[in-house]
Amino acid sequence: MEDSERTMLAGMLQSAEDAAPVEAVEAVTGAIAAGLNATGISLLIADLGGRALVRLTHQPAPGGPGRRQGEEAAEVLPFDGGPHEQALRQQATQVVPGDGRWTVLSPVTDRGEAIGLLEIDLPAEPDADVIAEVARAAHALAFVVIANRRHTDLFEWGQRSTPFTLSAEIQRRLLPASFTCEAGAFALSGWLEPAASVGGDTFDYSLARDLLHVSVTDAMGHGVASALTATLGVGSLRNTRRRGGSLVAQAEEANRAIAEHANVRGAYVTAVLGRVDLPTGRCELLNAGHVPPMLVRAGRVVPVELPGNFPLGMFPDERYRTGEISLLPGDRLVVVTDGMRERNAADLDLPAALLDIAHLHPREAVRALSDAVLAAAGPVLADDATMLVIDWYDGHGPRRTAGGADTARASGHPR
């Protein structure tokens, strides 16, 4: 790292520390612009629907494009296949010439989570060193966003191009802070469609030193009652997991909690719980009345056969059993909810769709699968459709890239 980059990075960090959380990104982008002699700079954040970018600006005067909340403005830029979409989806910096300026679009990404893009206007064509400097600044900006969005609703408001129902608000609090995670041995991503209504589906993951914990759950019914049942289930699963409990212990504790505390008579939650031993690829799975997981391996899609168990909350004294598979380098494990199968969504040939997207990074695979469900079922789903995709590399996988590049494609592993 050259002295100029060190100076810019130090200035970014100091600017972030000195600013209030709602002003941190503006302060940091100002420091970046000064370091690169930029004529314009913006952070574009990915909206929650995964199909647009949002430019957040502070405009004391009324007017300007997009949604407004007081003096905050959010301009939605729908994906159109152009350089902005390419930069985000391909996780590759784009350089776009314009009238008297050059625009650099660089992914703001950490561990595969595509937060958005850093858009910088420069007065002259950037060389390779400048492009690399912008990319490093964009990666550093990801940490600023992650650190400061904990303290303000501004980023969340900007990402919500559609108002949330109460059930969706409850449900969102049950999801992990990042929908994507890359590590040396694996990459995973989850998605929930629709993002702004219904309620009841969740996915979750947590990474320990030698274990990857995952879950996908589906609470019966719709609306707030379903979201509250889901809250009981996820809260219990996390509590037992964080105490070091096994998959069986997690299921049995959640089963009793839902049966005892759910406000709706007969409430239950279907679930797939998983635990991957990172050194070996041994994957323990528990299916509680849920759609079977699917394994994509060597150009085939097969359901994972597991011992049968009742849904959580149905019988409070029920005992649960697990099964096991050994993951091989290049495997993809897919867990979905029954919203992918119900009504018109059943028209989707899910195995064929999974093979069509086998080359995509999990982050892009879940979005492509969501698009395929909407194409088959229509623009509005009758039930949540949730999916979790886990790619297993073992020791043969590439190390995680700073920008969250397509590790599956780069590694050349077959599906």
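The shortest distance between side-chain heavy atoms of Glu193 and Val373 does not fall below 4.5 Å. Counting heavy atoms from C-beta outward, Glu75 and Thr57 have side chains that stay 4.5 Å or more apart. Counting heavy atoms from C-beta on, the side chains of Asp331 and Leu295 come closer than 4.5 Å. Using a 4.5 Å heavy-atom threshold, the side chains of Thr231 and Leu174 count as touching. Taking the side chain as every heavy atom from C-beta outward, Leu192 and Phe179 never approach each other to under 4.5 Å. The closest side-chain heavy-atom distance from Ile120 to Trp102 is not below 4.5 Å. Contact of the Ile325 side chain with the Val304 side chain is registered, since non-hydrogen atoms from C-beta on lie closer than 4.5 Å. In this structure the side chain of Arg89 reaches within 4.5 angstrom of the side chain of Arg367, judged on heavy atoms.
Judged purely by atom type and a 3.5 angstrom limit, Thr93 has no side-chain atom pairing as donor or acceptor with the backbone of Ser106. In terms of modelled atom types and a separation under 3.5 Å, the side chain of Asn255 and the main chain of Gly313 share a donor-acceptor contact. Remark: side-chain polar atoms of Glu182 are not paired, donor with acceptor, to backbone N or O of Leu188 under 3.5 angstrom. Of the possible donor and acceptor atoms, one in the side chain of Asn287 sits under 3.5 Å from a partner among the backbone N and O of His290. Formation of a donor-acceptor pair under 3.5 Å by the Glu119 side chain with backbone atoms of Thr103 is not found in this model. Remark: side-chain polar atoms of Ser370 are not paired, donor with acceptor, to backbone N or O of Val366 under 3.5 angstrom. Side-chain atoms of Arg150 come within 3.5 Å of backbone N or O of Ala147 as a donor-acceptor pair. Formation of a donor-acceptor pair under 3.5 Å by the Asp47 side chain with backbone atoms of Ala52 is found in this model.
In Phe186, the CZ atom is crowded: over 12 heavy atoms of neighbouring residues, nucleotides or ligands sit closer than 6.0 Å. Remark: Glu17 CD is loosely packed, at most 12 non-hydrogen atoms of other residues, nucleotides or ligands lying under 6.0 Å away. Heavy atoms of other residues, nucleotides or ligands lying less than 6.0 angstrom from CZ of Arg51 number more than 12. More than 12 non-hydrogen atoms from other residues, nucleotides or ligands lie less than 6.0 angstrom from CG of Asn239.
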Apply side-chain contact (heavy atoms from CB on, under 4.5 Å) to the pair Val276 and Leu333, showing each step before the final yes or no. CA-CA 11 Å; Val276 182; Leu333 185 65; 5.8 Å; no

Using side-chain contact (heavy atoms from CB on, under 4.5 Å), reason through Leu175 and Phe203 one step at a time and then give a plain yes or no. CA-CA 6 Å; Leu175 301 177; Phe203 64 89; 4.0 Å; yes

Can you list the steps and then say if Arg149 with Glu113 is a salt bridge (charged side-chain N to carboxylate O under 4.0 Å, His left out)? CA-CA 14 Å; Arg149 69 185 178 188; Glu113 180 191 3; 3.0 Å; yes

Using the side-chain contact (heavy atoms from CB on, under 4.5 Å) rule, take Val336 and Val216 through it: C-alpha gap first, then chi angles, then the decisive distance, then the call. CA-CA 7 Å; Val336 302; Val216 174; over 6 Å; no

Test side-chain contact (heavy atoms from CB on, under 4.5 Å) on Val22 and Glu72; report intermediate values, then the result. CA-CA 10 Å; Val22 293; Glu72 308 298 339; 5.8 Å; no

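In summary, the side chains of Thr180 and Arg363 do not present any donor paired with an acceptor at a separation below 3.5 Å, with no hydrogens or angles considered. Checked by atom type, the side-chain pair Thr386/Asp201 shows a donor-acceptor distance below 3.5 Å. Between the side chains of Glu253 and Thr240, no donor-acceptor pair of N or O atoms lies under 3.5 Å.
The two residues Arg55 and Ser42 come nearest to each other via the heavy atoms NH1-OG, 3.1 Å. Among all heavy-atom pairs drawn from Thr109 and Ala114, the shortest one is OG1-CA, 3.8 Å. Nearest heavy-atom pair, Ala137 versus Ile32, reported as atom, atom and distance to 0.1 Å: CB-CD1, 4.1 Å. Contact record, Arg332 with Ala365: NH1-CB, 3.7 Å, taken as the closest heavy-atom pair. What you find for Asp210 and Pro279 is that their closest heavy atoms are O-CD, 3.6 Å. Between Trp392 and Gly281, the closest heavy-atom pair is CZ2-CA, 3.3 Å.
A distance of 7.0 Å separates CZ in Arg160 from CG in Leu48, rounded to the nearest 0.5 Å. Interatomic distance, CG of Leu306 versus CD of Glu284, reported as 10.0 Å (0.5 Å rounding). To the nearest 0.5 Å, atoms CD1 (Ile45) and CG (Leu88) are separated by 11.5 Å. Taking SG from Cys283 and CD1 from Ile390, the interatomic distance works out to 6.5 Å, rounded to the nearest 0.5 Å. Taken to the nearest 0.5 Å, the CZ atom of Arg275 stands 8.5 Å off from the OG1 atom of Thr322. To the nearest 0.5 Å, atom CG of residue Asn263 and atom NE2 of residue His261 are 10.5 Å apart.
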